[in-house]
Amino acid sequence: MDTRRFRTFNVILSGGVGSRLWPLSRKSKPKQYLPIFEGQTLFQKTVLRNKSFCDELIVVGNSDNYGLSRTDLTNAGINTYSEIIEACPRNTAAAIAFAAFAVDPNEILFVTPSDHLIHADEHYASAVSRAMQLAGEGFIVTFGLKPTKPETGYGYIESDGEDVKSFREKPDLTTALGFLERGNFYWNSGMFCFKAGVYLKELQEFEPEVFLAAKEAYENSESGKLDYTLSMRIPSISVDYAVMERTNKIKVVPSLFQWSDMGSFESIYEYLEQTGHPKDELGNMVIGTSIHTEFTGLTNTILIQTPDAILVLRKENAQEVKKVYERLEKEHPELV
C-alpha cells in the first residue's frame, strides 16, 4: 500500500475582470488587486487565508494580470509559488485543468477564486478540513454557504446533508425566497476541493475536447506561459457546467463562514458600511473621492469617482453595472 502523504495545493484563479465594479475595477487592475480591504487586496487576503491549509500555491492568471499577482505576492511576503499564465480567457474548466496537469494525480487541489471576502474563523477551518477529507476519499467537493438573504445574483445548491440534489441557476426574487424557506438550499461559493486525477478523469469523460485541448496547451507551455493559438482551441466552459453538475462524485460541505464574492457595489457598500465608511442619514455613500458631496431626494445611492469616470447608481441596481461595462467596451474601450 502507498502510504505517502500527498501534498495539498491552493489553486488561486485570478483571471476575472470584475465588470460589475466599474469604474473601480478595470482590465488593467481588476477588483482582486484593489487595496481597499483594510489596506490589503482580495488576492492577498485569499493567499494568506489559505496558507495554513495548503503545502503549496499555484496561481492561474492571465497575460494581463500576472504582474499584479507577483507584486501582491511579494508585498505579502510570499516568495514560493508556481504560476500558470493563460494566453487568453478560456473559463474555469480549463483553468483548473492546467493546475491539475501540473501536479501528481493523487495530490489535492483546493481551488479558490481570488476575489472573495471570507471571514477565516473556526467555521472556515472546519469546512476546509472536511472538504479535504472528502477529497482524499475520491469525491469532488464544493462548498455551500448558508444564505443570509434571498440573493438573486448567486447560483444555489440544493442538498440533503452532504449529498447534492441539484444545482440551480440565479433565481428571481420569489424563487430565492422559496429557497430560504425550505432551508436546504445553499449559495454556490465557487470554491472546490478534489484530487487532481479525479477532476481530470471527470473532465475527460464529460468534456473530452476541453481535456485534450487543455492538455496540449499545457504540455506546450514555456515557463508557465501558454501558447495563444493552442489556447484558442480550448472550448470556453465553466467548471460548473463541465463537471460539477454532471459528476456522480459530487459532495457539498454546508458551511457557516461569512462569505461574499464582492461581485457588486451592493457588496462593497455593505463591507464599507461595516468598517465605518461614512454615509448620510438616507443611506447615500461616496466612494473614491474626498470632495464634499450632497445628495438631495435620493436614498441608498452610491457615487463612485475615479480620475477619468464617475458612476452614480442605486444600491439595489448594482447588478446592472455589468451592462454599462459591456456598452463601454464597445463605445469607449479606453475606459474599461
Start with the C-alpha gap between Arg233 and Ser231, add the side-chain angles, then the distance that decides, and say whether side-chain hydrogen bond (donor to acceptor under 3.5 Å, both in side chains) holds. CA-CA 5 Å; Arg233 296 176 186 167; Ser231 297; over 6 Å; no
Are Glu38 and Lys45 close enough, and set up right, to give a salt bridge (charged side-chain N to carboxylate O under 4.0 Å, His left out), and what steps lead you there? CA-CA 10 Å; Glu38 300 154 305; Lys45 282 183 170 293; 3.0 Å; yes
Derivation of the side chain to side chain contact (heavy atoms under 4.5 Å, CB included) call for Leu42 and Leu117: CA-CA 7 Å; Leu42 292 173; Leu117 189 66; 3.8 Å; yes
Run the salt bridge (charged side-chain N to carboxylate O under 4.0 Å, His left out) check on Glu270 and Lys149 step by step: do they pass? CA-CA 13 Å; Glu270 291 169 356; Lys149 58 183 178 179; 3.2 Å; yes
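Between Arg26 and Asp64 there is no salt bridge, since no side-chain nitrogen of the basic residue lies less than 4.0 Å from a carboxylate oxygen of the acidic one. Look at Glu320 and Arg20 and you find no salt bridge, because none of the NZ, NE, NH1 or NH2 atoms lies under 4.0 Å from a carboxylate O. The pair Lys195-Glu107 does not meet the salt-bridge criterion, since no charged nitrogen lies less than 4.0 angstrom from a carboxylate oxygen.
By the 30° and 60° cut-offs, the orientation of the rings of Phe194 relative to Tyr199 is parallel. Under the 30°/60° scheme for interplanar angles, the aromatic rings of Trp187 and Trp259 are found to be tilted.
Leu48 places a side-chain heavy atom less than 4.5 Å from the side chain of Gln40. Lys165 is not listed as a side-chain neighbour of Ser159, based on a closest heavy-atom distance of 4.5 Å or more. Residues Glu316 and Asn300 form a side-chain contact, since some pair of their non-hydrogen atoms from C-beta on lies under 4.5 Å apart. Here the side chains of Val60 and Glu86 are in contact, with some heavy-atom distance below 4.5 Å. Between Thr152 and Lys170 there is no side-chain heavy-atom pair separated by less than 4.5 Å. Put simply, the side chain of Val47 reaches to within 4.5 Å of the side chain of Leu57, judged on heavy atoms. Residues Tyr269 and Ile302 meet the side-chain proximity criterion, which asks for heavy atoms closer than 4.5 Å. Using a 4.5 Å cut-off on side-chain heavy atoms (C-beta onward), Thr41 and Leu34 make no contact.
Residues Pro113 and Met191 share a closest heavy-atom pair of CD-CG, 3.9 Å. Nearest heavy-atom pair across Pro150 and Leu180 is N-CD2, 3.7 Å. For the pair Val141 and Ala135, the tightest heavy-atom approach, listed with the atom from each and the gap, is CG2-N, 3.9 Å. Heavy atoms only, all atoms of each residue included: Ser221 and Leu226 are closest at CB-CD2, 3.4 Å. Leu313 and Ala318 make their closest contact through CD1-CA, 3.6 Å (heavy atoms, listed as atom of the first residue, atom of the second, distance). Contact detail for Leu203 and Ala242: the closest heavy-atom pair is CD1-CB, 4.2 Å.
The cluster map of Ile, Leu, Val, Met, Phe, Trp and Tyr, joined by side-chain heavy atoms under 4.5 Å apart, puts Ile58 and Val239 in the same cluster. In the hydrophobic clustering of ILVMFWY residues, with side-chain heavy atoms under 4.5 Å counting as a link, Met132 and Ile118 come out together. One hydrophobic cluster, built from ILVMFWY side chains closer than 4.5 Å, holds both Val210 and Val198. Under the 4.5 Å side-chain heavy-atom criterion for ILVMFWY residues, no single connected hydrophobic cluster contains both Ile108 and Ile140. Tyr154 and Phe179 fall within the same hydrophobic cluster, defined by Ile, Leu, Val, Met, Phe, Trp and Tyr side-chain heavy atoms under 4.5 Å apart, directly or through other members.
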May I have the list of side-chain donor-acceptor pairs in residues 244-256 shorter than 3.5 Å, sequence neighbours left out?
from	atom 1	to	atom 2	distance (Å)
Arg246	NH1	Glu207	OE2	2.8
Arg246	NH1	Tyr241	O	3.4
Arg246	NH2	Phe206	O	3.1
Thr247	OG1	Glu202	OE1	2.6
Thr247	OG1	Lys249	N	3.0
Lys251	NZ	Asp163	OD1	2.6
Ser255	OG	Val253	O	2.8

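For Phe211 and Phe101, the gap between ring centers is short of 6.0 Å. Checked against a 6.0 Å centroid threshold, the rings of Tyr271 and Phe37 count as neighbours. Remark: aromatic rings of Phe98 and Tyr218 are distant, center separation not under 6.0 Å. Taking the six-membered ring for Trp and the full ring otherwise, Phe53 and Tyr124 have centroids separated by under 6.0 Å.
Proximity of a side-chain donor or acceptor of Ser114 to a complementary backbone N or O of Leu13 within less than 3.5 Å is detected. Put simply, the side chain of Thr74 gets close to the backbone of Arg70: a donor and an acceptor are under 3.5 Å apart.
If you take CD1 on Ile268 and OG on Ser260, they are separated by 7.5 Å, rounding to the nearest 0.5 Å. Rounding to the nearest 0.5 angstrom, the gap separating the NZ atom in Lys315 from the CG atom in Asn284 is 11.0 Å. If you take CG on Asn184 and NZ on Lys146, they are separated by 9.5 Å, rounding to the nearest 0.5 Å. The structure places CD1 of Ile78 at 13.0 Å from OG of Ser69, a figure rounded to the nearest 0.5 Å.
Sorted by first and then second residue, the side chain to side chain donor-acceptor pair (under 3.5 Å) pairs involving residues 324-336 (not counting sequence neighbours) are Lys27-Glu329, Arg327-Glu331, His332-Glu334.
Glu219 meets the salt bridge (charged side-chain N to carboxylate O under 4.0 Å, His left out) test with Lys215; sequence neighbours excluded.
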